[in-house]
Amino acid sequence: MQDRLSGEKYDQFMIEAEVKEFWEREKVYEQVRRRKGRKFYFLDGPPYASAKSIHVGTAWNKVIKDAVIRYHRMLGYSVWDKPGYDTHGLPIEVKIEQSLGIKSKKEIQSVGIDKFVEACKGFVKENMEAMSRQFAEIGASLDWENPYVTYENSYIESGWWLIKRAHERGLLYKGYKVLHWCPRCETVLADYEVSEYRELEDPSIYVKLPVRGREREYLLIWTTTPWTIPANVFVMAHPQIEYARVKVGDEVLILARQRLEEVMSEAGVSRYEVLESFPGSRLEGLEYDHPLEELVDVQRELRQYHRVVMAPEGVTAYEGTGLVHAASGHGTVDYEVASRLGMPIVSLVDEVGRMTREAGKYAGMHFREEANRAVEEDLRRKGALFHSSRLVHRYPVCWRCKTPLALRATEQWFIAVTKLRDELIREASSVEWVPEWARTRFMNMLEEVRDWAISRQRFWGIPLPVWVCRKCKKYHVVGSVQELRELGGEVPEDLHRPWIDRVIIRCPYCGGEAERVPDVLDVWFDSGVAFYASLGYPANRQLYEELEPADFIVEGHDQTRGWFFSLLRSGVIGFGKSPYRRVLVHGFALDEQGREMHKSLGNYVEFEELISKVPRDVVRLWLLSSTVWEDLRFSWKGLEQTARDFTVFWNTFVFASTYMSLDAFDPEESSIESVESYLEPVDRWLISRTNSLIAQYHEAMGGLRPHDAVRALRSFLLEDVSRFYVRLIRRRVWEERDTPSKRAAYATLYYALRAWLLLAAPIIPFLSEYIYQRFMRPAERGAALSVHMMLLPQPEKHRVDEKLEREVSLIRELAEEVLAARANAGLRLRRPVSKVIVVPKRRELAEAVSSLKDMLAELVNSKAVELESEAFLEGLRAYAVKPLLGEIGREFKKLTPEVLKLIEARGAEVAQAIAERGYFEAEVNGERVRLERRHLELVAEYPEWLVVRESELAIIAIDKRLSELEEAEGYAREVIRRAQHMRKEARLMIEDRVVLWVSGDKEMVEAVRKMEEFVKNEVRAVKVFYNMPEEGAFAREWEIDDKKVTIGIRRA
RNA sequence: GGGCCCGUAGCUCAGCUUGGUGGAGCGCCCGGCUGAUAACCGGGAGGUCGGGGGUUCAAAUCCCCCCGGGCCCA
């Protein structure tokens, strides 16, 4: 092997630049993609292309995807890796409005829809290019040249196909629905878009509705939206709640019994009398008059509907009066109850938030700002206002413009998803969810699924492919461009509005002219069809049929109700099945304090900044080490620590490369099979650990737990290889001659590092490629061009020795105890000790020590390790006793001083007796005294030359006594260490030989002389002189334990 | 108001599925090493396992309630 790693300073940034250049030059990605294998259809959740800079969370998202993709490629799969972009929708329209300085739909029309839509497209294009660049930067190996883009004609056409499918299945319908409406954006908001609430102040009024045919008797209702009173149709009550007729002054009010006290106290009424109480069911059918009947045109037609109906779903006993005023066009429940009972749907607010003509006196008023006040005033004048105040409550506002929303019945197009509920549940159950709780969350959501309002009264979106005949008023759904052409439509170059709006087709029913309904589709529709639209289906059926279903998707947990759902919905509508097999849910990237990262909060970390400060692999390893489905806290410190791990990764490979090349090691010639009989326990251990790692890694990656894989990889290289194995093989590796033992160590180390390098490739693609090119590829015939074209190793079960792994881990634990004992006794590690005695407390430890004695001895720098029984220590142990005054005083009373004297005088004897038989008897002042364990504290004492430490594993005793020779070795090592330091200072090469001078303190010089062969070998000296260094030699005076020594070296 | 998730050392996080002596890294203190070295190794201090209740011989772990945070809904 040739060393291509050492001698160069480790610079991860430089490495990444070079690797990138290599990938581009050799077209590695293209070659990786071209390889054939079993299909793995990965479907990219398209990020929304509304900004140029990606969020740390978006980067995390793509890094997870990339790790999974690379992993599958290295398993031999042919991975479908087309990325996507979500490009339509209101948020982008808003940005363009802002950049054009306009504020409403009307202004867009005056600018020209064509210009507006072109601006949207241009904006999105720039964003996509910037985002792709950043994704490629962190090494996301997706097909950035050919992403799927939701605004493309082919994609739009694929979208149309699903609307047509829905229509064919009888799921498409036009209906009224009460939905949140933004009067500023002039559009309906989907349920999940109603996400922002503000604390707003509103009126809180109690209104008296006169009961028809009874004098001075009223239904009492409560509302915070006076503007809905003109649209009142009926009143809802709960059949099981108790109601009361209450006399207040000369009037009678009807309200819930349970609400009585609170309502009266709020209204400041202290004197009232309950005339009778009864269940709500008795109120059914009770008619009333509308107090504003003569001011509101539509109310004259609604007279016949004004009555109390039973509607438990709309009434609670914890708020209001228990009687709920229903405005069928302005409340969700109101609408549902009205539909059920065949009541009319009345909506009196127009698209811009003004009261309609039917609202009579209030026509033209803004619903919140003006109508509220006017209605309240009129009610007061009519004597219908029982009480009025103000209240601050959470009120929904538009998520983009913060305008308070109105509930409003509007005409929209729907897909009857509720009809598909059972299918959805069946299909979702068959999906594998990681983690498992994602399934629970998803299922809970499906239980309450609603019909899907797909239409939007906007511009930048997939046009709704519905044409309505001017003559017969029937509508026709167009499923493709070809169909459009067949119906006589002139197909525009771009399928967006406004061009598509101008397409007139022939009505298939009456032959009349049909024009398009001007709506566009909900943007959630777009990404929901990605599973087939990104493959060009149905224009190109083959690709989809080959690839479906998607084998894997992964997005943040917010997408449960988002993309995961919209995909499933589209899958079931279009194909009757789930479009994906496995789902991984990842967390949110939060800031260092655990809050959401937002530009407006000033805690936003720019991706470009991140990547300029921290190498990509470091970012990746750090991101991937976080538990994937939990939220991630951004941390510069965490990244810094991760960067430090990389220096150890690097150093480990440099170490291997340096020595293997020095010894011309050839991994192909010296495989672990070829050195089998020379493998030492530590070698067999590392080989076993390597296979355990491989198994663990596959289990983690296969189970979509990349964090577990990363943690296993990290600890293997840091703990097992670098801090343990390399330390233990140093002596073998420094051996000058070519020994089988050294070769065995190299073979083992190469085997472990090779496996690690391959396993790490999906996680840290840059560094692993770099090291592969310089360490592995030149050493192996038939190694692929790139590490990413290699196959991952599979665990070889016969090489796993669980017993050995357990034993080594016990030995490591024990070694720590010994080191702790040494540290406590001030015995430095460099000085050997003559003997470590182990008295094991567990049988498996005894076995481990007896089979791995040498390993333990090496780890703790001891000349010998001996297993002994407790009896051995007992022989060396002496006990001191400490009387426990409390116990002794309580029992011996007046005799206590005498007893204490006895203990002091015959302490050793007392201790021995109690230790051996549990008691000691003697006569004191003529009385027989019996001392037991409870009277005394026994303190074990050992000879001065023995250091003892007891742990849960064993009792450890270290013999501090050193033989003369060992003492000399200790001193010699002190000299060696300093000579090594000087070699380094003198910039000698590792393989250079030197001449050494040692002079000064007699004991030191004598020690070196005794250990001369050892010293020469360690320092690579050809000769040692015991006098002052010659002129020109590199010399220095040292002080070691108060002894002065002069050391000199010169290259031989 | 509902569903799901999170809360463990000063900081970042394992451990919880399957109850049995609480772990790692960083930081801090002490010591060591110097042939991977702008590294590294060892030792030590540091914890009401968010709070309360329950089940159990035994709870960080299982159950219930509460508090704080996240996501999604109402």
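Computed over heavy atoms, backbone and side chain alike; hydrogens, waters and symmetry mates excluded. This is a predicted model, so every value here is computed, not measured. The sequence lines fix the lettering, A, B, ..., with proteins before strands; numbering per chain opens at 1.
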Where do N or O atoms of nucleotides 20-23 of chain B meet protein N or O atoms at under 3.5 Å, pair by pair?
from	atom 1	to	atom 2	distance (Å)
B:U21	O2	A:Glu952	OE2	3.3
B:U21	N3	A:Glu952	OE1	3.3

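A distance-only check finds no donor-acceptor pair linking the side chain of A:His180 to the backbone of A:Leu407 [under 3.5 Å]. In this structure, the side chain of A:Glu555 engages the main chain of A:Gly45 through a donor-acceptor pair within 3.5 Å. Of the possible polar contacts, one joining the A:Arg732 side chain to the A:Ser741 backbone as a donor-acceptor pair under 3.5 Å is found. At least one donor-acceptor pair closer than 3.5 Å links the side chain of A:Tyr395 to the backbone N or O of A:Leu405. At least one donor-acceptor pair under 3.5 Å links the side chain of A:Trp433 to the backbone N or O of A:Ala428.
Applying the salt bridge (charged side-chain N to carboxylate O under 4.0 Å, His left out) definition to pairs two or more places apart or across chains, those involving residues 810-820 of chain A are A:Asp720-A:Arg812, A:Glu817-A:Arg949.
Heavy-atom contacts from other residues, nucleotides or ligands closer than 6.0 Å to CD of A:Glu699 number 12 or fewer.
Separation of atoms CG (A:Leu757) and CZ (A:Phe649) is listed at 11.5 Å; rounding is to 0.5 Å. Once rounded to the nearest 0.5 Å, the distance linking CD1 of A:Ile764 with OG1 of A:Thr642 reads 11.0 Å.
Nucleotide B:U61: unpaired (no Watson-Crick or G-U wobble partner with both distances less than 3.5 Å). With a 3.5 Å ceiling on both atom-pair distances, the Watson-Crick or G-U wobble partner of B:C4 is B:G70.
Sequence order on RNA chain B of the closest nucleotides to A:Arg983 and A:Arg949 puts A:Arg983 first from the 5' end. When the nearest nucleotides of RNA chain B are assigned to A:Tyr659 and A:Leu718 by heavy-atom distance, the more 5′-ward of the two goes with A:Tyr659.
Nucleotides B:A74 and B:A14, compared at atom C1', are 37 Å apart to the nearest Å. One C1' atom belongs to B:A60, the other to B:G51, and the distance between them is 14 Å to the nearest Å. Comparing the C1' positions of B:G22 and B:A38 gives an interatomic distance of 36 Å, to the nearest angstrom. Taking atom P on both nucleotides, B:C11 is separated from B:C28 by 15 Å, rounded to a whole Å. Remark: the separation of the C1' atoms in B:U12 and B:C72 is 27 Å, to the nearest Å. The C1' atoms of B:C57 and B:G15 are separated by 24 Å, rounded to the nearest whole Å. Rounded to the nearest Å, the gap between the P atom of B:U18 and that of B:C64 is 15 Å. B:G54 sits 25 Å from B:G2 when the C1' atoms are compared, rounded to a whole Å.
At whole-Å resolution of the value, CZ in A:Phe655 and P in B:C40 are 16 Å apart. A straight line from CG of A:Leu590 to C1' of B:G69 spans 9 Å, rounded to a whole angstrom. Note: CZ (A:Phe646) to C1' (B:A39) measures 16 Å, nearest angstrom. Counting to the nearest Å, the C1' atom of B:G25 and the CG atom of A:Leu639 are 14 Å from each other. Look at CZ on A:Phe564: it is 12 Å from C1' on B:C71, rounded to the nearest Å. B:A38 atom P lies 13 Å from atom CH2 of A:Trp650, rounded to whole Å. Rounded to an integer number of Å, the gap from CH2 of A:Trp629 to P of B:C4 is 18 Å. Residue A:Glu719 contributes atom CD, which lies 12 Å from atom C1' of B:C40 at whole-angstrom precision.
A:Thr652 comes within 4.0 angstrom of a nucleotide base, judged by non-hydrogen atoms across all strands. Note on A:Val733: nothing from the nucleic acid sits closer than 4.0 angstrom, heavy atoms only. Contacts of A:Asn1017 with the nucleic acid, taken as non-hydrogen atoms under 4.0 Å apart, include base atoms. A:Arg644 comes within contact range of the sugar-phosphate backbone alone, with a heavy-atom separation under 4.0 Å but no base atom that close.
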Worked check of side-chain contact (heavy atoms from CB on, under 4.5 Å) between A:Trp437 and A:Trp629: CA-CA 10 Å; A:Trp437 54 255; A:Trp629 47 76; 4.3 Å; yes

Begin with the C-alpha distance, continue with both residues' side-chain angles, and end with the deciding distance and a verdict on side-chain contact (heavy atoms from CB on, under 4.5 Å) for A:Leu610 and A:Leu639. CA-CA 10 Å; A:Leu610 175 60; A:Leu639 286 161; 3.7 Å; yes

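Judged by distance alone with a 3.5 Å cut-off, a donor-acceptor contact links the side chain of A:Ser722 to the base of B:A36. Taking only distance into account, the side chain of A:Arg727 never meets the base of B:A36 through a donor-acceptor pair shorter than 3.5 Å.
Comment: A:Glu447 engages A:Arg421 in a salt bridge, judged by a side-chain N to carboxylate O separation of less than 4.0 angstrom.
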Can you build the contact string for nucleotides 9-19 of chain B? Use B for base contact, S for sugar-phosphate-only contact, and - for no protein heavy atom under 4.0 Å. ---SSS-----

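Ring planes of A:Trp650 and A:Tyr10: parallel class, angle under 30° (limits at 30 and 60°). Ring orientation note: the planes of A:Phe653 and A:Trp756 are tilted relative to one another, at an angle of 30° to 60°.
Within residues 809-817 of chain A, the residues having any heavy atom under 4.0 Å from RNA chain B are, by residue number, A:Glu816. At a non-hydrogen distance threshold of 4.0 Å, A:Trp437, A:Thr440, A:Arg441, A:Asn444, A:Glu448 from residues 433-448 of chain A come into contact with RNA chain B.
In this structure, A:Asp631 has no salt bridge (charged side-chain N to carboxylate O under 4.0 Å, His left out) partners at least two apart in sequence or on a different chain.
For an aromatic pair to be called close, the ring centres must be under 6.0 Å apart, and A:Phe655 with A:Tyr659 satisfies this.
Comparing atom distances between the A:Asn651 side chain and each of B:A36, B:G42, B:C72 picks out B:A36 as nearest.
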